[in-house]
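Lettering follows sequence order; numbering is per chain, from 1. Worth knowing before you read on, the calculation uses all heavy atoms, side chains too, and leaves out hydrogens, waters and symmetry mates.
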There are 2 protein chains.
Amino acid sequence: MELDSRKKAILYAIIENYQETGEPVGSRTISKLECLNCSPATIRNEMADLEEMGLIVQPHTSAGRIPTDKGYRLYVDRMLEEQKERDLPALPMVELLGRRMDRVEELLVKMAQVLAANTNYTTMVTGPHYRKNKLKFLQLSPLEAGKLLAVVVLEGNMVKNNIITLEESLDDKAIVDLNFLLNNRLIGLTMEEINLALISALKEEAGGHSRVVVQVLDAVAETFAQDEGYPIYTSGAPNIFRYPELTGGDKASELISTLEEKKELGTVIGRLSTESGSRQDIQVFIGDEVPVDSMKDCSVVTATYSLGDGVQGKISIIGPKRMDYQKVVDTLKDTMNQLDRVFAKEE
Amino acid sequence: MELDSRKKAILYAIIENYQETGEPVGSRTISKLECLNCSPATIRNEMADLEEMGLIVQPHTSAGRIPTDKGYRLYVDRMLEEQKERDLPALPMVELLGRRMDRVEELLVKMAQVLAANTNYTTMVTGPHYRKNKLKFLQLSPLEAGKLLAVVVLEGNMVKNNIITLEESLDDKAIVDLNFLLNNRLIGLTMEEINLALISALKEEAGGHSRVVVQVLDAVAETFAQDEGYPIYTSGAPNIFRYPELTGGDKASELISTLEEKKELGTVIGRLSTESGSRQDIQVFIGDEVPVDSMKDCSVVTATYSLGDGVQGKISIIGPKRMDYQKVVDTLKDTMNQLDRVFAKEE
DNA sequence: TGTTAGCACTCTCAAAAAATGAGTGCTAAC
DNA sequence: GTTAGCACTCATTTTTTGAGAGTGCTAACA
């Protein structure tokens with residue numbers, strides 16, 4: 001069957017109306033609303049066709065229609081295609097960015113908060129993938145007998161620290177030497193690259209302190225291993241309560257659990273990174289496309305941010321399938337643009 | 001009216017039954033359950049008395065009784081009094097503690113998770129109050145042109161780092177000097193004690209670099225100022241969905257919001273610190289006693305933990321008013337004991 | 001051939017009505 | 001002081017009813 005322009009118009013009208021109301025949309029509503037100038041009966045005929053094509057469904061006989069995942073997909077794809085320029089009120093992201101850009105985690109958390117508050121959906125941000133960023137420098141300091149403080153700085157000024165409990169004591173001289181050795185050999189490498197071969201090579205060089213070298217490297221590696229290599233921040237979880245379709249039955253509970261545990265969220269991210277990004281790196285998952293069971297009633301819109309120096313991660317907006325895709329996509333684009341502008345300017 | 005031992009027994013029976021079922025408890029249930037050996041009618045008489053005393057109420061005429069806040073209070077006070085030794089299966093807290101005790105935040109988060117999973121309630125842990133802990137040492141390192149990395153270590157090995165963007169560049173020598181100066185003057189002081197008078201004194205001494213001193217101190221102070229001086233971690237928020245009385249209406253939404261925002265939770269903590277702790281520093285807030293509006297249907301049990309070196313904070317378990325106070329209190333005591341054992345052994 | 005009016009039909013939702021049942025308070029007997 | 005018996009109350013559940021929204025179909029119309 002042909003999807004002529006009127007059918008499209010009707011489909012989009014249904015989607016947008018359903019977006020606002022959350023109620024199934026009837027033929028009468030459409031006939032009034034539209035500049036199509038045709039009667040409910042005509043709309044009904046068209047709707048029957050759209051239903052046959054699998055783009056809309058009736059929740060029950062004699063109810064209005066709601067879009068199917070396939071319907072949404074069509075709508076979203078067109079939207080991403082069109083790239084229509086809209087002017088949104090810019091988010092006060094720059095303000096955040098201006099101050100204390102240095103603290104990456106803090107910045108990400110705030111960003112998530114602003115996005116959640118602005119969209120009324122839930123936001124999830126993954127921190128940069130530590131293992132993929134290069135070591136900028138590493139500093140060992142004596143903390144107390146048998147304990148070392150290791151401060152690790154990665155490109156992009158991500159800082160992590162770790163307290164290492166040693167099995168043997170080291171004097172200050174030894175620490176300075178070790179410091180020098182490690183920096184000399186490791187700077188510029190990513191965590192991934194600091195592998196076994198390298199470690200045993202260092203062990204040789206360290207001579208008497210070989211055990212310490214291993215301990216230090218283990219501890220450092222462990223620091224970056226937690227959170228499966230990247231932290232995940234969420235914000236606006238309570239926003240799901242705005243959407244009855246997400247809170248019926250145990251759904252709210254399951255969603256909140258998923259968000260709290262965060263681990264499973266990684267699968268979304270995992271899935272993301274393997275698939276090729278669409279234009280501007282914005283990807284949309286609709287309903288069943290979301291690879292997390294408890295989110296089958298949700299849609300997820302994802303973008304990749306970059307803070308320069310290879311520091312990058314994903315921002316995702318999680319909402320009901322009837323989310324305002326246009327707004328979400330535009331907001332994310334705006335955010336990405338702001339980030340780019342700030343971090344491009346800086347370099 | 002006299003609260004004789006039978007009345008007490010009945011009250012406690014009601015409380016414990018309601019704890020399990022969440023349903024109002026009728027006279028018949030009690031009469032069967034109890035070794036009191038008396039008929040429902042007798043129980044009814046006693047219940048009428050208990051109601052008159054304000055210890056139990058009927059949600060509506062001809063329903064069973066449920067405990068009032070006052071009833072719970074009586075029950076809890078007795079329980080805290082009795083100090084009955086029960087043997088709970090010990091939580092696998094030690095296991096956590098054994099490994100990587102050094103990372104305080106990580107430890108606290110894990111602890112919250114274990115407690116939440118074990119009790120089926122929500123757990124909230126406040127990190128140590130940074131401002132009250134003494135500075136152990138402070139280290140400035142050049143990061144790149146115009147940027148310094150400041151690593152601050154407090155007693156108890158709490159480490160915070162901060163990237164400082166300077167208005168002027170400093171050569172290595174200057175940084176070393178500044179480092180020395182700051183350490184010399186600030187070690188052993190708490191963040192609270194590093195006040196304006198001290199800062200201006202340092203400014204004098206720093207001579208040419210007075211602006212830098214201020215910037216560094218500001219940045220450090222700001223690091224510890226965030227989170228109002230201490231972080232708050234929560235875990236097990238989804239557990240509230242287990243208790244219908246917490247999820248009716250918008251309650252779930254409000255509770256989850258409160259937990260997510262965390263700020264307001266501080267008021268509980270604030271209230272706590274002013275009131276004198278009961279035995280073993282365990283405090284119980286029942287219903288209206290909780291100083292947070294969205295938690296008027298909850299009870300909160302709080303304990304103070306100490307990780308040695310003045311590193312201390314609060315652990316709170318948040319659940320419905322009909323929570324298993326005995327279990328929660330015992331679990332907290334057990335946890336505190338384990339902490340004490342580990343950290344006492346260490347010193 | 002596409003559009004429209006009309007109408008019977010279906011199904012949800014809300015309100016009203018009726019049945020159910022748990023639990024009480026009271027009284028009178030033990 | 002305790003208990004059996006009984007009438008009464010009130011939330012809950014089920015049933016009934018009615019209203020309303022929306023459809024599909026048919027027949028007329030341009």
Side-chain angles (χ1 to χ4, degrees), chain A residues 1-11 13-15 17-18 20-68 71 244-245 248-249, chain B residues 1-11 13-15 17-18 20-68 71 244-245 248-249:
Chain A
M1 185 165 314
E2 189 66 32
L3 187 67
D4 58 32
S5 77
R6 188 170 69 181
K7 283 194 175 57
K8 270 188 205 166
I10 292 172
L11 174 61
I14 291 173
I15 289 177
N17 192 289
Y18 183 61
E20 288 165 25
T21 64
E23 300 286 310
V25 186
S27 55
R28 167 178 300 257
T29 315
I30 300 294
S31 78
K32 274 189 212 150
L33 200 72
E34 280 312 285
C35 35
L36 295 171
N37 266 352
C38 56
S39 75
T42 309
I43 304 289
R44 278 204 288 281
N45 288 330
E46 299 286 45
M47 279 161 106
D49 292 347
L50 287 170
E51 181 153 11
E52 205 178 320
M53 286 185 261
L55 299 172
I56 55 179
V57 281
Q58 298 179 275
H60 56 84
T61 335
S62 90
R65 306 303 215 284
I66 62 177
T68 61
E245 66 265 46
Chain B
M1 187 164 314
E2 190 65 31
L3 188 67
D4 58 33
S5 77
R6 190 170 68 180
K7 283 193 175 58
K8 271 188 202 164
I10 292 172
L11 173 61
I14 291 172
I15 289 177
N17 191 290
Y18 183 60
E20 287 166 26
T21 64
E23 300 286 310
V25 185
S27 54
R28 167 177 301 257
T29 315
I30 298 293
S31 78
K32 274 189 215 150
L33 200 72
E34 281 312 286
C35 36
L36 296 172
N37 265 353
C38 56
S39 75
T42 310
I43 305 290
R44 277 204 289 282
N45 287 331
E46 299 286 47
M47 280 162 104
D49 291 348
L50 287 169
E51 180 153 13
E52 207 179 318
M53 287 185 261
L55 299 173
I56 55 180
V57 281
Q58 298 179 276
H60 55 84
T61 332
S62 89
R65 307 303 217 284
I66 61 176
T68 60
E245 65 264 46

Legend entry - Contact nearer the 5' end of DNA chain D, comparing A/S27 with B/R44: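 Comparing both residues, the 5'-ward one is B/R44.
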Inset, instruction - For B/E46 and for A/P24, find the nucleotide of DNA chain D with the closest heavy atom, then tell me which residue's nucleotide is more 5'. - result: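 First, find each residue's nearest nucleotide; the 5'-ward one identifies B/E46.
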Atom-to-atom span, [atom1] of [X] to [atom2] of [N] - whole angstrom:
X: A/K7; N: C/dG2; atom1: NZ; atom2: P; result: 9 Å
X: B/I10; N: C/dG23; atom1: CD1; atom2: P; result: 16 Å
X: A/I43; N: C/dG2; atom1: CD1; atom2: P; result: 16 Å

Using the test salt bridge (charged side-chain N to carboxylate O under 4.0 Å, His left out), find all partners of [X] that sit at least two apart in sequence or belong to another chain.
X: B/E51; answer: B/R65
X: B/E245; answer: B/R322
X: B/R6; answer: B/E46

Inset, instruction - Any side chain to side chain donor-acceptor pair (under 3.5 Å) involving residues 54-63 of chain A? Give me the pairs, sequence neighbours left out, ordered by first then second residue. - result: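 The answer is none; no pair qualifies.
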Legend entry - Leading and trailing nucleotides of DNA chain D with any atom under 4.0 Å from heavy atoms of chain B: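 Both ends considered, the range comes out as D/dT2 to D/dA11.
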Legend entry - Over all atoms of both residues, closest heavy-atom pair of A/S27 and A/P40: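 Heavy atoms only, the tightest pair is CB-O, 3.6 Å.
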Name all residues meeting the side chain to side chain donor-acceptor pair (under 3.5 Å) criterion together with [X]; count only those two or more places apart in sequence or in a different chain, and write none if there are none.
X: A/T68; value: none
X: A/D49; value: A/K7
X: B/S39; value: B/T42

Inset, instruction - Kindly write out the residues that satisfy side-chain contact (heavy atoms from CB on, under 4.5 Å) with A/A48, not counting sequence neighbours, or none if the list is empty. - result: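 Per chain and number, A/A48 pairs via side-chain contact (heavy atoms from CB on, under 4.5 Å) with no residue.
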Legend entry - Residue that, paired with A/I56, satisfies side-chain contact (heavy atoms from CB on, under 4.5 Å) out of A/I66, A/L11, A/I10: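 Only one option passes, and that is A/L11.
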Legend entry - Proximity to DNA chain C (any heavy atom under 4.0 Å), residues of residues 53-65 of chain B only: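 Within residues 53-65 of chain B, the residues near DNA chain C are B/Q58, B/S62, B/A63, B/G64, B/R65.
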Inset, instruction - Check whether any side-chain N or O of A/R6 sits under 4.0 Å from OP1 or OP2 of C/dT3, and answer yes or no. - result: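 Yes.
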Legend entry - Pair B/L55-B/L3, side chain to side chain contact (heavy atoms under 4.5 Å, CB included): steps then yes or no: CA-CA 10 Å; B/L55 299 173; B/L3 188 67; 4.0 Å; yes
Legend entry - DNA chain C stem ranges, 3 or more consecutive Watson-Crick or G-U pairs under 3.5 angstrom: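 If one scans DNA chain C for consecutive Watson-Crick or G-U pairs, the stems found are C:1-30 with D:1-30.
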